[in-house]
Amino acid sequence: LGLAAPSGPDWAQRPVEGRILGRHASRVRSLAFLPDGSKLVSGSNDDTVRVWTLDSMSAPLVIEDHKGTVWRIAVSPRGDSFASASSDGTVRLRTTQGTLVQSFDIQRGIVPDVAFSCDGATVALETQQGTIQVWNVDNGTVVAGWRAHDGEHVNKIAFDPGNPERLITGGDDDRVRMWSVSGMSLAELQRHDSDVETVSYDPTGHIVLSAGSDNMIRRRDLDSGEDMSLLFGHANWIGAMDVSPDSRFVATGSGDDTLRIWEMESGAQLHALTAPGTGAIHAVAFSPDGARIATGSNDGTVRIWHLP
């Protein structure tokens with residue numbers, strides 16, 4: 001495998017400006033923009049979900065019905081709802097205005113992740129060590145469940161953006177695996193040197209990316225079956241990653257307190273951005289138009305970075 005050197009085109013020479021949108025009372029765990037880009041939803045160790053209106057000075061909508069850390073926020077591709085996954089053992093589905101529509105209760109344990117299929121008809125979530133469940137969104141029933149990653153913790157789930165019957169997972173067994181929604185193992189895509197903390201498809205569905213405790217971002221071209229060059233530059237674990245809507249850029253957040261922006265095609269590092277005092281970056285999300293990146297940090301800060 002080749003290593004992509006940290007350099008980039010003229011884009012990298014233009015300043016990227018960041019501003020604080022607001023704060024949680026504790027660590028921010030997840031962020032997601034609503035499809036029209038007007039609002040940002042965040043989840044935190046303070047047990048709350050907050051819905052922020054961008055380009056507005058108004059206070060966020062604060063939702064306080066979870067009884068534990070809100071680990072993940074996922075927005076439905078249908079554009080009408082979002083889900084929050086919590087250590088209280090529930091996934092709560094809400095309208096984009098924050099009204100509770102449905103609650104998926106696993107009865108025991110935490111729910112560290114939730115992801116929507118590309119048609120919005122199902123959600124996949126981890127229910128306990130290494131167990132995946134797929135739920136029907138409309139009737140709230142479990143349609144499939146299986147043990148994944150040899151019983152090790154599953155850290156991230158991502159559906160294929162063009163196929164609602166296929167998803168990938170990354171886990172503490174250092175692997176990235178591909179599954180059918182019925183639980184059939186389709187492929188082992190990557191082996192990292194340590195825990196895989198985050199996985200993602202690019203929006204075209206042709207590239208799978210993964211990152212974790214080995215400080216590296218790995219990329220697999222699904223069409224050729226070949227690995228692309230490694231992205232290196234972070235000095236600590238990588239716990240958050242997103243790909244721009246046009247598939248040109250990758251954003252990563254790390255325990256080294258930086259947001260890094262990479263060029264997908266070349267693998268070049270374009271920016272390494274820090275905000276003093278914020279600590280590790282646990283959440284990263286591109287806006288739907290690709291013009292902004294939101295980050296959530298260890299100190300509870302939600303920040304918006306405006307790209308050149």
Side-chain angles (χ1 to χ4, degrees), residues 16-34 37-76 81-100 103 110-115 125-126 155-156 197-198 236-242 251-260 273-288 292-306:
V16 174
E17 298 180 355
R19 68 175 179 88
I20 294 175
L21 181 64
R23 298 180 187 272
H24 280 266
S26 188
R27 180 179 302 166
V28 179
R29 286 292 184 180
S30 185
L31 295 165
F33 282 91
L34 295 186
S38 65
K39 294 181 179 180
L40 179 74
V41 187
S42 59
S44 167
N45 276 34
D46 67 6
D47 305 351
T48 70
V49 173
R50 299 182 187 231
V51 182
W52 310 84
T53 300
L54 303 180
D55 304 321
S56 170
M57 298 302 291
S58 61
L61 171 66
V62 180
I63 301 169
E64 301 179 290
D65 58 357
H66 278 298
K67 305 303 179 185
T69 294
V70 180
W71 289 96
R72 194 76 65 199
I73 301 294
V75 174
S76 170
S81 59
F82 66 86
S84 54
S86 172
S87 59
D88 64 7
T90 68
V91 172
R92 299 189 185 275
L93 184 68
R94 304 177 190 280
T95 68
T96 54
Q97 288 74 42
T99 302
L100 183 65
S103 183
I110 70 172
V111 184
D113 196 25
V114 61
L125 50 98
E126 186 198 358
N155 295 310
K156 191 69 169 66
E197 300 293 339
T198 183
N236 208 333
W237 51 260
I238 302 165
M241 178 170 57
D242 198 17
T252 52
S254 169
D256 66 7
D257 303 355
T258 66
L259 164 68
R260 296 181 189 246
L273 305 170
T274 60
T278 61
I281 295 176
H282 295 273
V284 170
F286 272 98
S287 62
R292 295 180 281 193
I293 297 173
T295 57
S297 302
N298 207 55
D299 69 343
T301 300
V302 176
R303 190 177 295 267
I304 301 293
W305 303 83
H306 294 265

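The structure displayed is predicted, hence computed values, not measured ones.
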**Request:** Ignoring hydrogens and angles, tell me if any N or O in the side chain of Ser297 forms a donor-acceptor pair with the backbone of Gly279 under 3.5 Å.
**Result:** no
**Complete:** Taking every heavy atom of Ala251 against every heavy atom of Leu259, the minimum-distance pair comes out as CB-CD1, 4.1 Å
**Request:** Take Val49 and Val41, measure what side-chain contact (heavy atoms from CB on, under 4.5 Å) needs, and give me the verdict at the end.
**Result:** CA-CA 7 Å; Val49 173; Val41 187; 3.6 Å; yes
**Message:** Ignoring hydrogens, what is the shortest heavy-atom contact between Arg292 and Asp55? Give both atom names and the distance.
**Reply:** NH1-OD1, 3.4 Å
**Request:** Test Ser42 against every option in Arg50, Arg29, His24 by the side-chain hydrogen bond (donor to acceptor under 3.5 Å, both in side chains) rule and name the one that passes.
**Result:** His24
**Asked** Looking at Val91 and Ala83, what are the two nearest heavy atoms and their distance?
**Response** CG1-CB, 4.0 Å
**Message:** Let me confirm one number: the CG-OG distance from Asp65 to Ser103, rounded to the nearest 0.5 Å.
**Reply:** 8.0 Å
**Asked** Considering only heavy atoms from C-beta outward, does the side chain of Thr295 approach that of Leu273 to under 4.5 Å?
**Response** no
**Request:** Check Val28, Asp299, Asp46 against Arg23 for a side-chain contact (heavy atoms from CB on, under 4.5 Å) and give me the one that passes.
**Result:** Asp299
**Prompt:** Do you know the tightest heavy-atom contact between Ala280 and Gly255?
**Reply:** CB-CA, 3.8 Å
**Request:** To the nearest 0.5 Å, tell me how far Asn298 CG sits from Thr278 OG1.
**Result:** 8.5 Å
**Prompt:** Within the side chain of Ser84, is there an N or O that forms a donor-acceptor pair under 3.5 Å with the backbone of Ile73?
**Reply:** no
**Prompt:** Looking at NZ of Lys67 and CG of Asp88, how far apart are the two atoms once the value is rounded to the nearest 0.5 Å?
**Reply:** 8.5 Å
**Asked** Can you tell me how far the OG1 atom of Thr301 sits from the CD1 atom of Ile20, to the nearest 0.5 Å?
**Response** 5.0 Å
**Prompt:** Aromatic ring centroids of Trp71 and His282 under 6.0 Å?
**Reply:** no
**Fill in**
To the nearest 0.5 Å, atom OG of Ser86 lies from atom CD1 of Ile110 at 9.0 Å
**Prompt:** Distance-only, no hydrogens or angles: does the Thr95 side chain make a donor-acceptor pair with backbone N or O of Gln97 under 3.5 Å?
**Reply:** yes
**Item:** Sidechain-backbone polar pair: Asp113 side chain, Leu125 backbone, donor-acceptor under 3.5 Å
**Value:** no
**Prompt:** Hey, does the side chain of Thr48 reach the backbone of Val62 with a donor-acceptor pair shorter than 3.5 angstrom?
**Reply:** no
**Asked** If you take all heavy atoms of Gly296 and Leu31, which pair is closest and at what distance?
**Response** N-CD1, 3.3 Å
**Request:** Determine, stepwise, if the pair Ile238 / Glu197 fulfils side-chain contact (heavy atoms from CB on, under 4.5 Å).
**Result:** CA-CA 7 Å; Ile238 302 165; Glu197 300 293 339; over 6 Å; no
**Asked** Should Lys39 and Thr96 be marked as a side-chain contact (heavy atoms from CB on, under 4.5 Å) after you check the CA-CA gap, both sets of side-chain angles, and the distance that decides it?
**Response** CA-CA 9 Å; Lys39 294 181 179 180; Thr96 54; over 6 Å; no
**Item:** Val284/Thr198 under side-chain contact (heavy atoms from CB on, under 4.5 Å): CA gap, chis, key distance, verdict
**Value:** CA-CA 11 Å; Val284 170; Thr198 183; over 6 Å; no
**Item:** Straight-line distance of Ile304 CD1 to Arg19 CZ, nearest 0.5 Å
**Value:** 6.0 Å
**Check: Ser76 side chain, Phe82 main-chain N or O, donor-acceptor pair, under 3.5 Å** = no
**Message:** On a heavy-atom basis, which atom in Ala285 and which in Phe33 lie closest, and how many Å separate them?
**Reply:** O-CE1, 3.4 Å
**Message:** Do Arg94 and Thr99 have side chains that approach each other closer than 4.5 Å (heavy atoms only, starting at C-beta)?
**Reply:** no
**Asked** Got a donor-acceptor contact below 3.5 angstrom from the Ser44 side chain to the Ser26 backbone?
**Response** yes
